[in-house]
Engineer: 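What follows is a structure written as structure tokens; I'll ask about it next.
Quick note on labels: first sequence line is chain A, next is B, and so on, each numbered from 1.
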Number of protein chains: 2
Amino acid sequence: MASDQTRTAILHAAERLYAERGFGDVTLRDIVAAADVNLAAVNYHFGSKDELIAELFVSRSIATNRERLNELKLAEEAGGGRASIDSILRALVGPTLRGCLGPERERSTASRFMIRASIESVPPIRRIKNREIDHLRKFAAAMRRSLPEVSEVDLYWGLHFALAMAHQTIRDSERLAKLSDGMCDLDDVGTIIDRIVAVSVKALTGRQTQTKPAAKLVTRGAP
Amino acid sequence: MASDQTRTAILHAAERLYAERGFGDVTLRDIVAAADVNLAAVNYHFGSKDELIAELFVSRSIATNRERLNELKLAEEAGGGRASIDSILRALVGPTLRGCLGPERERSTASRFMIRASIESVPPIRRIKNREIDHLRKFAAAMRRSLPEVSEVDLYWGLHFALAMAHQTIRDSERLAKLSDGMCDLDDVGTIIDRIVAVSVKALTGRQTQTKPAAKLVTRGAP
DNA sequence: TTGCAATTCAAACAGTTGTATGAAACTATC
DNA sequence: GATAGTTTCATACAACTGTTTGAATTGCAA
């Protein structure tokens, strides 16, 4: 195993280049040049280009999923096993949005990479996303406990719509900014999350949420 | 001009192959083989591969946009210059959804192509989509007329969310079907449109204040 | 040191890609 | 039927792709 200097150098360089230029325009030769390692190192350490991309995406998305589940757990504990629909949806879309949006210049390479992964759809990433269903089922289950009076079909549609709004906001933030002539503030992630959660709750319950959780547990950029 | 047999044969074959296998896996050689024309014909008739893709996408999306604007016009005429928000949103998302969803086996090549174009994001198509903003502005304007009491920011977010739900439903219908174990009927386009419109209307006309308490159905910006 | 495995390296490999070329075949006009 | 313009064709091009190879180098244990 020695030092995985080479390995991590490749990972870092690849993440940065993919974030900057997208998957279509970056070749292995670009990556190894940026990482200052030999061309064969990629296949030696990762097996193939696709496995490199997969590793980048997997490691980031399990981090997000962990955050999601952690928030969900906290919400369910706080509600005595039955979290509020508000907090469930917040746990669902919050981590992703906080991880990808926010002031342009503050965005990490990782977040820019994840935005790319949302926009361009490349086979290895698509394969991983398809396995995300089991993860979503946990949220569907929590929602069912939270809103037993809502039909399952409506629940799934609500979940789907919440993800849709979050996802599209990440993917197409630029268009919204242009369309609104800058009026829609895409740097204010907290408010965006509030909006998406509010709309989703309305969609699910037919009425507005009374409770807006006072203080947030997690914020981007630790204290 | 002779007969544009060759031209249209290329267009048809390309649309079909892209619809079936996606943009990443189809080469010019695949296309000309399917169209039974010479390799050089693509560059002769279209200039380049990207221009071929662009032409396919443009012709389909101006058709959709025309439908949208037509529905919008009808709605505004019916409302005496001020269409209901319901009908505006329906004009926005209806044509796209009807064009892309519905029973699998009934889907035309064109609709499958447009689904691909939603999922995979390839440069020539992205460029065209970026020019779609002017088209959306017409809907934003209609919405403003329809809901003068709603702030512009909220209007843009509502428009954005409506598109988000429509778009994601097209893109990820398979995941929703799997997640809901088939309970969400993605063949019933009419109901899907109803759902999306209903949620969007609720998002737009419900109370908009998340931070301020107790304002009745009131304007959130200056009157 | 010796031996052995892990790692790095330059170079080549084996395809594939979109595009360009120049001659041939066609079409319509005079 | 000759001519000019359009369209087709086989072929070559030039570049780029991810991957493999086998030899060098390194690091570490005995």
Side-chain angles (χ1 to χ4, degrees), chain A residues 1-58 113 116-117 120-128, chain B residues 1-58 113 116-117 120-128:
Chain A
M1 31 206 85
S3 74
D4 41 19
Q5 267 186 325
T6 304
R7 228 187 108 86
T8 56
I10 291 172
L11 284 170
H12 282 36
E15 185 174 59
R16 184 171 60 81
L17 288 179
Y18 284 140
E20 284 170 3
R21 318 206 315 243
F23 296 100
D25 281 357
V26 176
T27 70
L28 284 189
R29 283 168 175 84
D30 293 332
I31 293 171
V32 299
D36 198 34
V37 301
N38 187 270
L39 173 59
V42 173
N43 287 277
Y44 178 78
H45 284 282
F46 299 93
S48 71
K49 185 196 188 185
D50 278 10
E51 288 174 84
L52 165 61
I53 294 177
E55 175 149 344
L56 281 170
F57 185 72
V58 163
F113 173 84
R116 282 285 181 192
E120 299 180 34
S121 184
V122 71
I125 291 185
R126 230 173 304 161
R127 255 170 276 151
I128 294 161
Chain B
M1 44 165 109
S3 73
D4 41 18
Q5 267 186 323
T6 304
R7 228 187 107 88
T8 56
I10 291 171
L11 283 171
H12 282 35
E15 185 173 59
R16 184 171 61 80
L17 288 178
Y18 284 140
E20 284 171 3
R21 302 201 250 134
F23 296 100
D25 281 357
V26 176
T27 71
L28 284 189
R29 283 168 176 82
D30 294 332
I31 294 171
V32 298
D36 197 34
V37 302
N38 188 271
L39 174 59
V42 173
N43 286 277
Y44 178 78
H45 285 282
F46 298 94
S48 71
K49 184 197 190 186
D50 278 10
E51 288 173 86
L52 165 60
I53 294 176
E55 174 149 344
L56 281 170
F57 185 72
V58 163
F113 173 84
R116 281 286 180 192
E120 298 179 35
S121 184
V122 69
I125 290 184
R126 230 173 305 162
R127 253 170 277 149
I128 293 162

Engineer: So, is B:Thr6 close to the D:dT8 phosphate, meaning a side-chain N or O under 4.0 Å from OP1 or OP2?
Structural biologist: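 So the side chain of B:Thr6 is within the cut-off, an N or O lying under 4.0 Å from OP1 or OP2 of D:dT8.
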Engineer: Name the closest nucleotide to the B:Leu39 side chain, picking from D:dG18, D:dT7, D:dA12.
Structural biologist: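 Out of D:dG18, D:dT7, D:dA12, the nucleotide with an atom closest to B:Leu39's side chain is D:dA12.
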Engineer: Nearest-Å distance, NZ (A:Lys49) to P (D:dT19)?
Structural biologist: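 Taking atom P of D:dT19 as the reference, NZ of A:Lys49 is at 8 Å.
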Engineer: Rounded to the nearest Å, what distance is computed from the CZ atom of residue B:Phe46 to the P atom of nucleotide D:dT7?
Structural biologist: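 Taking CZ of B:Phe46 and P of D:dT7, I get 12 Å after rounding.
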Engineer: Name the nucleic acid region contacted by A:Ala40, choosing base, sugar-phosphate or nothing; use a 4.0 angstrom heavy-atom cut-off, strictly under.
Structural biologist: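 Base: the residue A:Ala40, judged by heavy atoms under 4.0 Å, touches a nucleobase.
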Engineer: Taking CD1 from A:Ile31 and P from D:dT19, how many angstroms apart are they, rounded to a whole number?
Structural biologist: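 Rounding to the nearest Å, CD1 of A:Ile31 and P of D:dT19 are 11 Å apart.
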Engineer: Between B:Glu55 and B:Arg7, is there a side-chain N and carboxylate O pair less than 4.0 Å apart?
Structural biologist: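 B:Arg7 and B:Glu55: salt-bridged.
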Engineer: How close or far is atom P of C:dA20 from atom CZ of B:Arg29, stated in whole angstroms?
Structural biologist: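 Roughly 13 Å, once rounded to whole Å.
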Engineer: Taking for each residue the nucleotide of DNA chain C with the nearest heavy atom, is it A:Tyr44 or B:Val26 whose nucleotide lies nearer the 5' end?
Structural biologist: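 The residue whose closest nucleotide sits nearer the 5' end is A:Tyr44.
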Engineer: Can you measure A:Asp50 atom CG to D:dT19 atom C1' for me and round it to whole angstrom units?
Structural biologist: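 Whole-Å distance recorded here is 12 Å.
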Engineer: Using the rule side-chain contact (heavy atoms from CB on, under 4.5 Å), only one of B:Ile10, B:Asn38, B:Val42 pairs with B:Val32; which is it?
Structural biologist: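 With B:Val32 as partner, side-chain contact (heavy atoms from CB on, under 4.5 Å) holds for just one option, B:Val42.
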Engineer: Side chain of B:Ser48, heavy atoms from C-beta onward: which of D:dT19, C:dT19, C:dT16 has the nearest atom to it?
Structural biologist: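 Per side-chain heavy atoms of B:Ser48, the pick is C:dT19.
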Engineer: How far apart are the closest heavy atoms of B:Ala9 and B:Ala35, and which atoms are they?
Structural biologist: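 Answer, listing the atom of B:Ala9 first, then B:Ala35: O-CB, 3.5 Å.
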Engineer: Between C:dT7 and A:Asn38, is there an OP1 or OP2 to side-chain N/O distance shorter than 4.0 Å?
Structural biologist: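 The answer is no; no side-chain N or O of A:Asn38 sits under 4.0 Å from OP1 or OP2.
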Engineer: CG of A:Asn43 versus C1' of C:dA12: gap in Å, rounded?
Structural biologist: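 Result: 14 Å.
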Engineer: A:Phe113 vs A:Phe23 aromatic rings, parallel, tilted or perpendicular, using cut-offs 30° and 60°?
Structural biologist: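 The arrangement is perpendicular - the two ring planes meet at more than 60°.
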Engineer: Identify the two heavy atoms, one from B:Ala14 and one from B:Leu52, that lie closest to each other, and give their separation to 0.1 Å.
Structural biologist: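 Minimum heavy-atom separation between B:Ala14 and B:Leu52: CB-CD2, 4.0 Å.
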Engineer: How close or far is atom P of C:dT8 from atom CZ of A:Arg7, stated in whole angstroms?
Structural biologist: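 These atoms are roughly 11 Å apart.
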Engineer: Take atom CG of B:Asp36 and atom C1' of D:dT8, then tell me their distance rounded to the nearest Å.
Structural biologist: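 Atom CG in B:Asp36 sits about 12 Å away from atom C1' in D:dT8.
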Engineer: Using a cut-off of less than 4.0 Å, is there contact between a side-chain N or O of B:His45 and OP1 or OP2 of D:dT6?
Structural biologist: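 No, no such contact exists.
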